[in-house]
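Structure first, commentary second.
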Amino acid sequence: MTAIFGGLFKLADGGKIEPDLASGYQVSDDGKSLTISLRPGVMFQDGTPLNAEAVAWNIDRDLKTACVCSPSASWPPLAEGGITTPDDHTVVLNFSRPYAALMNVFVSTSVNRIASPTAVQKMGQQEFSLKPVGAGPFEVVSNVVSSEIVLKRYEGYWKQGQPYLDGLVFKAIVGDQPTYQAIQAGQAQASTLTTPSIVQQASQNANLTVNQQDGTSPWLIQLNTAVPPFDNKLAREAIYYATDTEAIRTHLLDGLYPATQSFTGPGGLFYQPEVPGYRTFDVDKAKQLVAQLGGLKVDLFGGTDKVASETVQVLQSQWQQAGIETTIHSYELPRTIQELEGKKWQAALQSNGAFDPGVSSGVPFRFLSSAPYSGVQDPNLDTMIDQAAATLDQTERGRLYGDIAKYISDEAYAPFMIAVAPAAVARKDVHGPGVSTKIPMASVSLLPVWDEVWIENP
């Protein structure tokens, strides 16, 4: 999507938000108003202008969608007449209350990607989803769903002389091992890998460049506190004490990723690897709690990739040592969504976090009462999350997120584990930000700067 749409803004080194399709922005002193300035002359790939009207139409559309990619889960409600367009190159958003993560939302949600309103209305949602039209560096040639999408250089791209590539082909390959084999065989030139053993192999390959990214979205054991057994704090505490995160980090993940006790990784704001009072591995304490409960049975699910499946199996083994009887499942994404939305699940190995914990894919995603994939319904925590999001002073904001991390820990709501992150792997002749070099990550996915990627002449 970044290749097709580009973005109004991008996340740069040091966590700075820089304009891209936009030419600048201004946040009011009270944090309630945002003015976006647009570059003149930018055209969508269908020849229509990317102007203020188009941006306002997109933002309104994004806020109305039920998709979790929408900023509506974290943005405060708009004030009356919230979106205005004083001229063709200016969009003003007025909010009902301050929001400190206002600009960081743009690099982590759909609101950053501006679609051609003309194309959406002409093609209809279904056809548009197969051949989307943006103002980014590449336009769609063909799209075989879940298999391959072919893009070509957009000759009308606003950056003169870019993109450098004539085209991009994205192929769906299931699993890190087949992906690595495709790169070795020259059938692919770049990808991301997360399986530690394969990342290590790639790092020793003289024909490849490997860059381990700094994660923003740690693994956690998400507990559903609304249903038994985890409506009982003792059961949640037992999971904390029965989980040996360090063993998983060192033996299963080869020490490739850091452990963390909170909701951000080293690539995110307010990273806090240790939380005061956090319950760490103690199998004897876990056994005592299980005995106090009269036994503990847990249903746990995780993803289908190799690392997630193995981690779920290790957790089952660790918990068994504490007397916890665990049934495990590996689910594809549609089944995972179904389970979480069904509200009857008990425990899940998931990830949580973003560059800014105040955006919708950050702390709210798993811990806000109103969030569809939350495991917690706690009005006190809701208030703390809202207060941190509305605090404009960064130092004070960091303190408040520290308080949230401790509150989650004190209530034993969800053990955090490891800040897993993808490694960018590319053949030596392929260069560019996010492909051959490390770049900041806004959320779970690595988003290369496609208009700056190039291939070295043989």
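Below, each value reflects all heavy atoms present in this structure, side chains not excepted, and no hydrogens, waters or symmetry copies.
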If you take the centroid of each ring, where Trp contributes its six-membered ring, are Trp345 and Tyr331 closer together than 6.0 Å? no
Donor-acceptor pair, Lys343 side chain versus Pro372 backbone, under 3.5 Å? yes
Side-chain donor/acceptor of Ser443 to backbone N/O of Ser445, under 3.5 Å: no
Which residue, Leu234, Leu289, Ile324, forms the side chain to side chain contact (heavy atoms under 4.5 Å, CB included) with Leu296? Ile324
Could you tell me whether a side-chain N or O of Asp176 sits under 3.5 Å from a main-chain N or O of Thr195, the two making a donor and an acceptor? yes
Ala238 and Ala286 have their tightest heavy-atom pair at O-CB, 3.8 Å
Is the His431 ring parallel, tilted or perpendicular to the Trp454 ring (thresholds 30°, 60°)? parallel
Taking Arg39 for its side chain and Gly24 for its backbone only, find out whether a donor-acceptor pair lies under 3.5 Å. no
So does Leu368 get a backbone contact from the side chain of Asp382, meaning a donor-acceptor N/O pair under 3.5 Å? no
Can you tell me if CG on Asp393 sees more than 12 non-hydrogen neighbours from other groups inside 6.0 Å? yes
Taking atom CE of Met1 as the centre, report whether more than 12 heavy atoms of other residues, nucleotides or ligands fall under 6.0 Å from it. no
Backbone of Phe270 reached by a side-chain donor or acceptor of Gln272 within 3.5 Å: no
Short question: side chain of Gln346, backbone of Asn224 - any donor-acceptor pair under 3.5 Å? no
Whether the Tyr373 and Glu341 side chains hold a donor-acceptor pair (N or O, under 3.5 Å, no angle test) is what I'd like checked. yes
Side-chain donor/acceptor of Arg236 to backbone N/O of Phe230, under 3.5 Å: yes
Between Phe9 and Tyr25, is the ring centre distance below 6.0 Å? yes
Mind telling me whether Phe263 and Phe416 have parallel, tilted or perpendicular rings, with 30° and 60° as the class edges? perpendicular
For the CE atom of Met103 and the NZ atom of Lys16, what is their distance to the nearest 0.5 Å? 14.5 Å
Do the side chain of Tyr99 and the main chain of Gly358 share a donor and acceptor less than 3.5 angstrom apart? yes
